[in-house]
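These notes are about the structure you will find just below.
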Amino acid sequence: MNLSIDINADLGELDADLDAAMMPFISSANIACGFHAGSPIRMRETVLLCLKFGVAIGAHPSYFDRRDFGRRELGLDAETIYSLTLYQIGALNAMVAAEGGRLRHVKPHGALYNRAAVDAEAAHAVASAVRDADAGLVLVGLAGSALIDAGKALGLTTWAEGFADRRYTDNGLLLPRSHAAALITDTDEAIAQTLAMVRDGVIPSVNGQPVRMTVDTVCLHGDGKHALAFAAALHAALHAAGIGIAPGLS
């Protein structure tokens, strides 16, 4: 296989059994740090799972918003965003280090992720927190976003992310979850989109317009009704297409 891609999933959020079942099909995990979901116990459990399966460990910081699962925009100022991001990275890093592992990357969650994709000030706050926590950490953000630009400006290694099961606007942003077509629920369609972004660097928007993107990692959501079946199907399809699955380089 001459081509490989990192496959990541957001874990430590809801179902511990599902997290364990997802491990053979992913190469990186973004672990909830307690602000939108999870707990100290779930964080450590998920770290141990990642170490057992050789899955790269990342922090998944968010707004402090458990009621709405971190998906509500709170309009926080940059200083607050910096502080809450740094806090969550530090908490997970302590657990990883205690188990003899290494924290590899940081990927914001939900509304914080979406805001940092388009808001340069918020993006700089998140990237600064990552740099100040550990300049060797990889910053994961939406391909072509302000967060990727901010990370590069601060000298961080960045991974541009694409989504297997989300539709995109014509300008390359994620279609908001409030839109009826935001999620791709058909397995074949989601696999086709993943193959297109990995092999061709272009996918259709929700309106059928070409969206060009270069991705280092692809996210599949680990909290959906058919998450495990889709993860297995995507894993098989990538291998059938001659595409390996492995953590990105940092």
Side-chain angles (χ1 to χ4, degrees), residues 4-13 16 18-62 81-109 112-113 116 123 125-143 147-148 150-162 215-222 231 235 244-250:
S4 66
I5 190 67
D6 178 68
I7 300 295
N8 77 79
D10 305 336
L11 303 181
E13 294 177 329
L18 178 58
D19 285 357
M22 292 280 286
M23 285 288 159
F25 305 113
I26 63 174
S27 48
S28 296
N30 320 303
I31 301 178
C33 300
F35 273 34
H36 72 282
S39 68
I41 292 172
R42 283 300 312 282
M43 290 164 68
R44 182 167 176 269
E45 288 174 347
T46 312
V47 165
L48 290 172
L49 268 178
C50 290
L51 294 174
K52 177 181 177 180
F53 284 89
V55 170
I57 302 171
H60 198 37
S62 73
I81 290 173
Y82 172 88
S83 297
L84 64 84
T85 302
L86 185 63
Y87 178 93
Q88 291 172 84
I89 295 170
L92 185 64
N93 187 52
M95 293 193 175
V96 176
E99 299 299 337
R102 180 170 76 94
L103 188 64
R104 184 73 175 279
H105 63 276
V106 176
K107 171 190 165 181
H109 166 81
L112 178 58
Y113 181 97
V126 171
S128 295
V130 174
R131 178 201 60 191
D132 295 347
D134 180 351
L137 290 170
V138 176
L139 177 60
V140 180
L142 187 68
L147 185 57
I148 295 295
K152 289 180 177 178
L154 292 178
L156 295 172
T157 298
T158 59
W159 289 351
E161 182 178 39
V215 299
D216 304 297
T217 183
V218 174
C219 177
L220 59 90
H221 287 101
H235 189 275
I245 298 173
L249 299 176
S250 63

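- Looking at heavy atoms from C-beta onward, Cys50 lies in side-chain contact with Met23 at the 4.5 angstrom threshold.
- Looking only at side-chain heavy atoms (C-beta outward), Leu156 and Leu137 stay at 4.5 Å or farther from each other.
- Side-chain contact between Leu103 and Asp134 is absent, with no heavy-atom pair separated by less than 4.5 Å.
- Nearest heavy-atom pair across Leu51 and Gly101 is CD2-CA, 3.9 Å.
- More than 12 non-hydrogen atoms from other residues, nucleotides or ligands lie less than 6.0 angstrom from CG of Leu48.
- Residue Ile148 holds its CD1 atom at 7.5 Å from CG of Asp216, rounded to the nearest 0.5 Å.
- Within the 4.5 Å cutoff, no side-chain heavy atoms of Val126 are placed close to those of Val106.
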Could you go through Arg42 and Asp19, starting from their C-alpha distance and side-chain angles, then the distance that decides it, and tell me whether this counts as side-chain contact (heavy atoms from CB on, under 4.5 Å)? CA-CA 11 Å; Arg42 283 300 312 282; Asp19 285 357; 2.7 Å; yes
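- Across every non-hydrogen atom of Ala125 and Ile81, the tightest pair is CB-CG2, 3.9 Å.
- Residues Leu11 and Ile26 form a side-chain contact, since some pair of their non-hydrogen atoms from C-beta on lies under 4.5 Å apart.
- Proximity of Tyr82 to Asp132: side-chain heavy atoms (C-beta onward) are separated by under 4.5 Å at one or more points.
- Smallest separation of non-hydrogen atoms from Leu154 and Arg131: CD2-NH1, 3.3 Å.
- Partner Asn30 forms a side-chain hydrogen bond (donor to acceptor under 3.5 Å, both in side chains) with one of His105, His109, Glu161, Glu13 and no other, that one being His105.
- Put simply, CG on Asp10 and CG on Leu220 are 9.0 Å apart, with the number rounded to the nearest 0.5 Å.
- Contact of the Gln88 side chain with the Leu92 side chain is not registered, since no non-hydrogen atoms from C-beta on lie closer than 4.5 Å.
- Minimum heavy-atom separation, Leu84 to Ser62: CD1-O, 3.2 Å.
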Please assess Leu112 against Thr85 for the test side-chain contact (heavy atoms from CB on, under 4.5 Å), listing each intermediate value before the final yes or no. CA-CA 10 Å; Leu112 178 58; Thr85 302; 4.1 Å; yes
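- Enclosure of atom CZ in Arg44 is not indicated, since only 12 or fewer non-hydrogen atoms of other residues, nucleotides or ligands lie within 6.0 angstrom.
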I'd like to know whether Ile7 forms a side-chain contact (heavy atoms from CB on, under 4.5 Å) with His235, so could you lay out the CA-CA distance, the side-chain angles of the two residues, the decisive distance to 0.1 Å, and finally the verdict. CA-CA 9 Å; Ile7 300 295; His235 189 275; over 6 Å; no
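- Side-chain contact of Asn8 with Ser28: a donor-acceptor pair under 3.5 Å is absent, judged by distance alone.
- Under the 4.5 Å side-chain criterion, counting only non-hydrogen atoms from C-beta, Val140 is in contact with Thr217.
- More than 12 non-hydrogen atoms from other residues, nucleotides or ligands lie less than 6.0 angstrom from CZ of Phe53.
- Heavy atoms only, all atoms of each residue included: His60 and Cys33 are closest at N-SG, 3.8 Å.
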Verdict with supporting geometry, Leu147 and Leu142, side-chain contact (heavy atoms from CB on, under 4.5 Å): CA-CA 7 Å; Leu147 185 57; Leu142 187 68; over 6 Å; no
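- Nearest approach of Asp6 to Ser27, heavy atoms of both residues: OD1-OG, 2.8 Å.
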